[in-house]
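I have placed the structure first, in the form of structure tokens, so that the comments after it can refer back to it.
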There are 2 protein chains.
Amino acid sequence: MNPEKRADIMQATLELIAEHGFHGAPMSLIAERAGVGAGTIYRYFASKDVLINELFLELDEKIKAQILKGYSTARPIRERFLHLSCGLFGYFVEFPLHFRYVEQFHNSPYGAARRRSKILGEAGQDDVFKSLFADGLQQRAMKELPVLSLCSLAFGPMFSAIRDHILGFIELTPSLIAQLAEACWDGVKR
Amino acid sequence: MNPEKRADIMQATLELIAEHGFHGAPMSLIAERAGVGAGTIYRYFASKDVLINELFLELDEKIKAQILKGYSTARPIRERFLHLSCGLFGYFVEFPLHFRYVEQFHNSPYGAARRRSKILGEAGQDDVFKSLFADGLQQRAMKELPVLSLCSLAFGPMFSAIRDHILGFIELTPSLIAQLAEACWDGVKR
DNA sequence: AATGCGGGAATGAACATTCATTCCGACCGG
DNA sequence: CCGGTCGGAATGAATGTTCATTCCCGCATT
């Protein structure tokens, strides 16, 4: 079992699916780009489904780890909100392929079941976003709306903007990111 | 040429793709649900691609027609904004299948080219949304951001909320819709 | 050191399945 | 009968998966 080869396969899958969608990523192409034989993939992953799901989980972990860096629930609500928003913006601008992949994943049979859990978590109790909005409600800092609706107000614009950025229609500079995060805050704040 | 049969085929396509995605809508199933033979579809549509695209165009027209009802560019910016927002909300709550279809379409090779044109228009000159935001900027009623970013702020939350509604996680009552539209306005207003 | 051996890893051609599309015979109104 | 419409089995291309075979490398024997 060669962990490097496993990583190659995952990278090839990420690139192909992010760039060309699930339709454009047959196993034969993945194998070719990874520089392995078609059968080899099945030594590392039981099926294409498993491969796709494991890749998603890996990305999910990386994203979570990244945005939680320097995050403290002790800070004021607004600061916490901006920290997470800018963190996500930054991550996806740095790794556009990850964004495209996660997006594809969610709009597919694979992610259908997992759809519920938006971009991140809500997986059980430890969802940073849910608890941020719950705290915000409790402190009367945010509009009195269902938590999920607050999520929509906060992240809907973000994903839309990131799409535009990746497709080249706008350029997400740090300054624009800050402005957008502020605008989202205007949307959710009381 | 039986126009009724043509409509049946389109309706079957709409339902299957909206409910199960493109993967879950082979021509054989479409034919079965429409109550016609597989070959018959090709008497009405040159190919599956054509069928899918024509269905999209038809929905696009219906949506446009619906939200422009009672719309006047002479009204104040805020009112125009709320009119369009609530119109879209209302339409998609009434026709969830249309929402799901349009969404699937945009996240697929079919809609990739057309991606640029968001949910509606920007097709050429007559895009109501673009001109709304342009007017808003000119009147200094909205934040000084790229028009596309204003679109993101306005419609990102909406689509996210509609998804949640269709998936059954929240219920989009008229009252909640109004609140969300207001919140979106808070996001874009100066 | 050279040789032979064992076994896990890798391979890619072959297979089974799925799907869009085609084609030809059945059917029906006139 | 006959023109045109319809139906659904047949077709061929594409794709996920399997499996018999090859390859590679570490180790034991001489």
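Per chain, numbering begins at 1; letters A, B, ... match sequence-line order. Remember, predicted model here, so these are calculated numbers, not experimental data.
Summarising the geometry, the separation between CD1 on Ile9(B) and P on dG8(D) is reported as 13 Å, rounded to the nearest angstrom. Spacing between atom CZ of Arg6(B) and atom C1' of dC6(D) amounts to 17 Å, rounded to whole angstrom units. Rounded to an integer number of Å, the gap from CD1 of Ile41(B) to C1' of dC19(C) is 12 Å. In this structure, Arg43(A) places its CZ atom 13 Å from C1' of dC23(D), rounding to the nearest Å. Look at CG on Leu51(A): it is 12 Å from C1' on dG16(D), rounded to the nearest Å. The distance between atom CD of Glu4(B) and atom P of dC6(D), rounded to the nearest whole Å, is 12 Å.
Ring geometry for His106(B) versus Phe56(B): interplanar angle over 60°, hence perpendicular rather than tilted (30 to 60°).
A salt bridge links Asp186(A) to Lys143(B): at least one charged side-chain nitrogen sits closer than 4.0 Å to a carboxylate oxygen. Looking at Glu54(B) and Arg6(B), a side-chain N of the basic residue comes within less than 4.0 Å of a carboxylate O on the acidic one, giving a salt bridge.
Residues of residues 11-37 of chain A that place a heavy atom closer than 4.0 Å to DNA chain D, in numerical order, are Pro26(A), Met27(A).
Across dC6(D), dA9(C), dT21(C), the shortest atom-to-atom separation from the side chain of Lys48(B) is found for dT21(C). Side-chain proximity of Tyr44(A) to dA10(C), dT17(D), dC6(D): nearest is dA10(C).
Applying side chain to side chain donor-acceptor pair (under 3.5 Å) to Tyr91(B) and the options His98(B), Gln66(B), Lys64(B) leaves one that passes, His98(B).
The distance between the ring centers of Phe129(A) and Phe155(A) falls below 6.0 angstrom. Between Phe95(A) and Phe99(A), a ring centre-to-centre spacing not shorter than 6.0 Å is recorded. For Phe22(B) and Tyr110(B), the gap between ring centers is short of 6.0 Å.
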Checklist entry - How would nucleotides 22-30 of chain C be written as a contact map, 5' to 3', with B for base contact, S for sugar-phosphate-only contact and - for no contact, using protein heavy atoms under 4.0 Å? => result B--------
Would you be so kind as to tabulate the donor-acceptor pairs closer than 3.5 Å made by side chains of residues 28-40 of chain B, with sequence neighbours excluded?
residue, atom, partner, partner atom, Å
Arg33(B), NH1, Glu15(B), OE1, 2.6
Thr40(B), OG1, Gly37(B), O, 3.4

